[in-house]
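These notes are about the structure you will find just below.
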Amino acid sequence: MDDLKTIDLLTELVSRLLSPTNPSQSDLSRSLSFATRLLSSRLSPSLSQDENAMAESIKRDLAVSGRSSDALTFSDLHSKLVARSSLPGGVQNRWALLYLLKSLSGRRSYSSGGLPSLPLENYNPNSNSASQNSTRKKNLGLGSGVLHISKDPENVRQNALREYSVLVMDDNEVEESALVRDVLYACQGIDGRYVNFRSLNGVDGYDLPDSLTLPRSTRTMVRKLCEIGWLYKKVKGFIDESTSKIPSEEVGTVGQAFCSALNDELTDYYKLLAVLESHSMNPIPTPGSDSGLQGNYLSLRRLDVWLAEPTVRMRLMAVLVDVCRGLKGGAMVGSIHRHAKHGDPLVQDFMGRLLKRVCSPLFEMVRSWVLEGELEDIFSEFFIVGQQVKVESLWQEGYRIEPAMLPSFISPTLAQRIFRTGKSINFLRVCCDDSGWAAAAADAAAHVGTSTSRWGLGYGQIDALEALVIEAAKRIDSHLMDVIHKRYRFKDHCLAIKRYLLLGQGDFVQYLMDIVGPELSEPANTISAFQLAGLLEASVRASNAQYDDRDILDRLKVKMMDYSDGDRGWDVFSLEYDAGMPLDTVFTASVMKRYLKIFNYLWKLKRVEHALTTIWKTMKPNCIVKSIIAKEGFVSILRKCQVIWNEMNHFVTNFQDYIMFEVLEVSWAQFSDEMESSKDLDDLLSAHERYLESIVEKSLLGERSSTLRASLFRLFEVILRFRSHADRWFERIYELQSRGKAESKPKSKERGQRLEGAGKAMTQLAGELFHKMGEDLDQIAKDYSNSLDIFIKQLPLQQHVDLKFLFFRLDFTEYYSCRK
């Protein structure tokens, strides 16, 4: 401070401050020296020099203290100060001035009449620094707070800290080291001297008694630190509860792995607590002291830092314990996996480490199922469930997917591949007695570079698992299809069913109709199945069917359905085909029942066709027209019969062509293509199902065609009634014709007169017969025409396009349309 003007101003300021006390010259000299030293010091506030912030702080303090008018006055004065600072001689360091005013207003008490006095009572320029510092601190009012300074060469900071520690100890009934010890006990689920586990109004946790005198901040800190103890108690309780149930279906292998992983995490937690216990043995240094500052002591704040990361992990474990309670297997894994989708690297690392342990049993089940076909699931934890069924139902009903046990990281498509791969292995092993799947599975694992040993796959290797499953499924399914097609000749058996059950072998069907027809005309209760079996064998030997493989022919058998009173052999006769193991997986009992339904339907159609052929053979006019009976109107009756027969034959022929060519052959062609392109047994089953469904729908056997099918069966009944009447008519005609020939050679005159009388009687009988035939023919023609009209009217209403084309086949000349 070499500026004389500044020294003069400082001298005037000190004189005014000391003027109320009438100081002596020595007091004035000492005060001036003190002020000079104070202004020459390097002490500086640790605040940022923001003038506006300081001004706002002063106004806020004035407003809070109830001096709003003073706050307005200060704002006005500050505005004037800022405006005059740009003028010559204006104040430049305005922030320092505002800070000085704020400090004086907060740290000094003013007398009612003037400015405060300088603290010079104990000031001695020659005294040591410690005594000066103590006196300065006391007089400046620093005993109740801490002075923020950037440099403290006279240990003002340390002295303030000591005083602060004394104030804090006065407010604490319990030492901090005791609280630290109790918090460490709480972290282990143990009640301490002061910190105890308690439950109040349904809320439980560790807390301090209300009777203890502690600062609110300390009590809050203890509650925060004891959270990890409450979480630990929850996690440990779950582990102990689950462990007590092992081995049990309630826990399972995945639950055991989960408990083991939690125990490993708790082991690391125990190690941390051991370290903290050792640190807690060191004394906590008091504020302002030099002892222990570099030691590994443990305070509440340090403990908060130590437990920050373990608390996050413990909180995660507690959440997982809550969501996994009551779950097992894949459901438990899925619940844990949903919490792994987190952005925090700490959480991701913890969840990944935990899931690797938890998922290991599940991935081992997948590996065993995909590569060995073994279902190692004694606690029902896997998403594939096996059940006891018959061998022929192994593929369809032996296994199923349990959606509740499917983890979310395994997609439904991948789950279906896993399901089918293991099912294919079991089907090959049990139904086909084949072991070639083992080599296929080993080749698949080698191709994708995956180990076939146990525990070779784990969480986080979903891509490797999917690659293994896809390759194994492709190779095993390919091997299965080779076995089905080559070893068990699936296509040959399908073709045999088409030939014999779907009546595709024409000469065999014709011989069978001719041979078994007389037998089937008898009542059903008088027919022997063994006799029909012999007739079936005769039909095979008489047709080209005799050249088929003997193994296929031996599977063709006669089946007599249940009959009721009045049924004929035609109503109960059918054929069945025994495909045998393993093809009965495709040709199941329900499938063969549908084939039986189709056979009965086609058998009725063939019976109607056979009946029309028999009628044609019966009413051949070769011998009839030459007899005497032909002269009495028989030719017109015969012509009417032929007209009706032609109309019936037109319908039956076109309908049968539609069934045989546009239904059976087209469906077979589509099925053959799909059969060749099938990649697995499910594709083959689906193709066969579509094949059967196509036949059923196009042949009017579906539910939507029930009305049309009833109209068709009425037409069949009319045609069979026509055949029954025709048999009786022509049998009677041939009888009259035979009697006429026997009596047409007279031997005497008297004999001739008797023959003339007999001829008249025969002519009268023939006339009555022809009249009756005409009436019956008219009624049959009427019933047939009505039934046919109903059938044709319903055809355009059908949804299937092939049925609409059938209408075009039957009415391509528009005869029936015009007749309407």
Side-chain angles (χ1 to χ4, degrees), residues 361-378 382-401 410 413-457 461 464-493 579-588 674-688:
L362 181 66
F363 274 81
E364 176 56 26
M365 293 179 194
V366 173
R367 186 207 63 81
S368 178
W369 175 255
V370 170
L371 298 181
E372 301 171 7
E374 296 291 343
L375 197 58
E376 299 178 353
D377 185 22
I378 59 177
F382 199 31
F383 59 86
I384 297 175
V385 180
Q387 47 196 4
Q388 295 294 331
V389 295
K390 296 181 180 180
V391 177
E392 59 268 19
S393 303
L394 179 66
W395 184 270
Q396 300 282 11
E397 304 173 4
Y399 304 97
R400 61 180 176 85
I401 293 181
I410 296 181
T413 303
L414 180 59
Q416 284 292 338
R417 285 200 180 102
I418 294 173
F419 174 66
R420 192 184 67 245
T421 303
K423 192 166 64 169
S424 298
I425 293 176
N426 280 278
F427 183 79
L428 285 166
R429 180 167 51 207
V430 176
C431 300
C432 302
D433 193 22
D434 180 83
S435 59
W437 56 267
D443 293 342
H447 180 77
V448 298
T450 303
S451 174
T452 58
S453 60
R454 297 177 67 87
W455 317 110
L457 291 172
Q461 297 176 306
L465 174 65
E466 186 169 4
L468 174 62
V469 170
I470 292 174
E471 189 64 25
K474 182 176 68 174
R475 292 176 183 266
I476 293 173
D477 287 336
S478 177
H479 178 71
L480 173 58
M481 297 310 294
D482 287 342
V483 171
I484 291 292
H485 285 296
K486 296 178 181 178
R487 180 175 170 183
Y488 291 99
R489 303 166 56 194
F490 175 74
K491 188 172 184 178
D492 292 343
H493 290 286
M581 186 68 66
L583 298 184
D584 52 3
T585 300
V586 181
F587 304 112
T588 60
E674 294 179 358
M675 188 192 311
E676 296 296 332
S677 61
S678 296
K679 301 298 183 182
D680 52 67
L681 189 55
D682 282 334
D683 289 347
L684 191 62
L685 289 171
S686 299
H688 183 260

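Sequence positions, counted from 1, serve as the residue numbers for this chain.
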(request) State, to 0.1 Å, how close Ala415 and Ile401 come at their nearest heavy-atom pair, and which atoms those are. (result) O-CD1, 4.0 Å
(message) Quick test of your reading: applying side-chain hydrogen bond (donor to acceptor under 3.5 Å, both in side chains), list the pairs with at least one residue in residues 385-396, sequence neighbours left out, ordered by first then second residue.
(response) Trp395-Asp682
How long is the gap from [atom1] on [X] to [atom2] on [Y], to the nearest 0.5 Å?
| X | Y | atom1 | atom2 | result |
| --- | --- | --- | --- | --- |
| Glu471 | Thr421 | CD | OG1 | 11.0 Å |
| Ile384 | Asp377 | CD1 | CG | 9.5 Å |
| Glu466 | Ile410 | CD | CD1 | 10.5 Å |
| Phe383 | Met365 | CZ | CE | 10.5 Å |

(message) I'd like to know if the side chain of Arg487 reaches the main chain of Asp434, judged simply by a donor and an acceptor atom lying under 3.5 Å from each other, with no hydrogens or angles considered.
(response) no
(request) Check side chain to side chain contact (heavy atoms under 4.5 Å, CB included) between Thr413 and all other residues, then give those that pass, not counting sequence neighbours. (result) Ser411, Arg417
(request) Would you please name every residue forming a side chain to side chain contact (heavy atoms under 4.5 Å, CB included) with Ile425, sequence neighbours left out? (result) Arg429, Trp437, Ile476
(request) Kindly indicate whether the side chain of Tyr399, heavy atoms from C-beta on, has any atom under 4.5 Å from the side chain of Val385. (result) no
Run the salt bridge (charged side-chain N to carboxylate O under 4.0 Å, His left out) test against [X] and tell me which residues pass, sequence neighbours left out.
| X | answer |
| --- | --- |
| Asp492 | Arg489 |
| Lys679 | none |
| Asp584 | none |

